[in-house]
Amino acid sequence: QVQLVESGGGLVQAGGSLRLSCAASGLTFSSYSMGWFRQAPGKERYFVGYIMWSGGNTDYADSVQGRFTISRDNAKNTVYLQMKGLKPEDTAVYFCAASRRTTYLYARNTYEYWGQGTQVTVSA
């Protein structure tokens, strides 16, 4: 079955950096666009960014543009979220997700598969 497993979360001070990884199995990874979403306590799950199946196109939420970078290694079936200049408001559980679609990648319901999430906590 399909599995997406996030890792790399943790506690970091404001201004610091983290790199999250999402390892995929059970699917043809290179055929899937990959998204990152985050969910803070008591809030909805929000779009962070995505990378197309080819790795050529990425897009990000305004709140993380210029600070976060998504990349992928199709040979390793892994997508990454590099986060720099972290702020306390970035504190959330971060989820990766996979979609065969190439449009509406901002929307949660576009994605077929989800990971279990990894906690990122940014202290002031």
Side-chain angles (χ1 to χ4, degrees):
Q1 73 275 20
V2 175
Q3 281 193 312
L4 302 177
V5 180
E6 301 95 336
S7 61
L11 174 64
V12 63
Q13 288 188 332
S17 299
L18 279 176
R19 189 177 81 155
L20 306 184
S21 300
C22 171
S25 60
L27 51 70
T28 305
F29 182 72
S30 59
S31 297
Y32 283 78
S33 297
M34 299 297 295
W36 284 96
F37 289 74
R38 65 186 182 185
Q39 187 169 17
K43 295 190 175 181
E44 294 185 6
R45 192 171 299 186
Y46 289 107
F47 169 76
V48 172
Y50 70 76
I51 185 166
M52 299 285 283
W53 59 271
S54 64
N57 290 338
T58 57
D59 203 0
Y60 302 91
D62 289 345
S63 58
V64 306
Q65 182 76 44
R67 298 188 298 124
F68 290 12
T69 303
I70 298 174
S71 61
R72 66 190 295 161
D73 185 338
N74 286 345
K76 295 183 178 180
N77 287 3
T78 302
V79 62
Y80 304 98
L81 178 64
Q82 178 69 54
M83 304 184 293
K84 299 180 179 180
L86 283 161
K87 305 175 182 180
E89 52 264 42
D90 294 319
T91 295
V93 177
Y94 283 72
F95 298 87
C96 68
S99 175
R100 290 294 301 268
R101 296 185 62 174
T102 58
T103 56
Y104 301 104
L105 291 170
Y106 307 94
R108 293 193 305 268
N109 61 9
T110 297
Y111 293 85
E112 301 157 47
Y113 303 107
W114 290 84
Q116 83 290 346
T118 186
Q119 176 71 46
V120 171
T121 303
V122 184
S123 62

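The model shown is predicted, which means the values in this text are computed figures rather than measured ones.
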Q: Nearest 0.5 Å please: distance from the CE atom of M34 over to the CG atom of N77.
A: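 It is 9.5 Å, given to the nearest 0.5 Å.
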Q: Where do D73 and F29 come nearest, in terms of heavy atoms and distance?
A: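 Shortest heavy-atom contact: O-CE2, 4.0 Å.
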Q: Could you check whether any side-chain heavy atom of L20 comes within less than 4.5 Å of a side-chain heavy atom of T118, counting everything from C-beta outward?
A: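 L20 vs T118: side chains touch.
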Q: Can you tell me how far apart CD (Q82) and CG (L18) are? Round to the nearest 0.5 Å.
A: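 Going from the CD atom of Q82 to the CG atom of L18 covers 8.5 Å.
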Q: Does E89 CD have over 12 foreign heavy atoms under 6.0 Å away?
A: yes
Q: At what distance, to the nearest 0.5 angstrom, does OG1 of T69 lie from OH of Y80?
A: 14.5 Å
Q: According to a hydrophobic-cluster definition based on side-chain heavy atoms being under 4.5 Å apart (Ile, Leu, Val, Met, Phe, Trp, Tyr only), do W114 and L27 belong together?
A: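 Hydrophobic grouping puts W114 apart from L27.
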Q: Where do G85 and S17 come nearest, in terms of heavy atoms and distance?
A: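 Result for this residue pair: N-OG, 4.5 Å.
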Q: Same cluster or not: are L81 and F47 linked, directly or through other Ile, Leu, Val, Met, Phe, Trp or Tyr residues, by side-chain heavy atoms under 4.5 angstrom apart?
A: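 Shared cluster, no.
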Q: Look at the side chain of R45 and the backbone N and O of R108, then say whether any donor-acceptor pair between them is shorter than 3.5 Å.
A: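 Not a single qualifying donor-acceptor pair exists.
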Q: Is there side-chain contact between W53 and S31, with heavy atoms separated by less than 4.5 Å?
A: no
Q: For residues 2-9, which side-chain N or O atoms pair as donor and acceptor with protein atoms under 3.5 Å away, sequence neighbours left out?
A:
residue, atom, partner, partner atom, Å
E6, OE1, Q116, N, 3.0
E6, OE1, Q116, NE2, 3.4
E6, OE1, G117, N, 2.9
E6, OE2, C96, N, 2.8
E6, OE2, G117, N, 3.3

Q: Looking only at heavy atoms, which two atoms of S33 and M52 are closest? And how far apart?
A: OG-CA, 3.6 Å
Q: For the backbone of I70 and the side chain of T58, can you confirm whether one donor and one acceptor N or O come within less than 3.5 Å of each other?
A: no
Q: Check whether any side-chain heavy atom of N74 sits under 4.5 Å from a side-chain heavy atom of Y32, and report yes or no.
A: no
Q: Which heavy atom of Y111 sits nearest to which heavy atom of L105, and what is that distance?
A: OH-O, 2.7 Å
Q: Is there side-chain contact between M83 and D90, with heavy atoms separated by less than 4.5 Å?
A: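 No, their side chains stay 4.5 Å or more apart.
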Q: Does V64 share a hydrophobic cluster with L86, counting links as ILVMFWY side-chain heavy atoms below 4.5 Å and allowing steps through other members?
A: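 Linked within one cluster.
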Q: Between D59 and N57, is the side-chain contact (heavy atoms from CB on, under 4.5 Å) condition met? List the steps.
A: CA-CA 7 Å; D59 203 0; N57 290 338; over 6 Å; no
Q: Any side-chain to backbone donor/acceptor pair from T121 onto T91? Under 3.5 Å, distance only.
A: no
Q: By the definition ring pair (Phe, Tyr, Trp, His ring centres under 6.0 Å), identify the one residue from F37, W36, Y60, Y50 that meets it with Y106.
A: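 In the set F37, W36, Y60, Y50, the residue that makes a ring pair (Phe, Tyr, Trp, His ring centres under 6.0 Å) with Y106 is Y50.
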Q: Measure the shortest side-chain to side-chain distance between N109 and Y104 over non-hydrogen atoms and say whether it is less than 4.5 angstrom.
A: no
Q: Any chance the side chains of R38 and Y46 put a donor and an acceptor closer than 3.5 Å?
A: no
Q: Any link between F95 and V79 through a network of hydrophobic side chains (Ile, Leu, Val, Met, Phe, Trp, Tyr) touching at under 4.5 Å?
A: no
Q: If you take all heavy atoms of A40 and A92, which pair is closest and at what distance?
A: N-CB, 3.8 Å
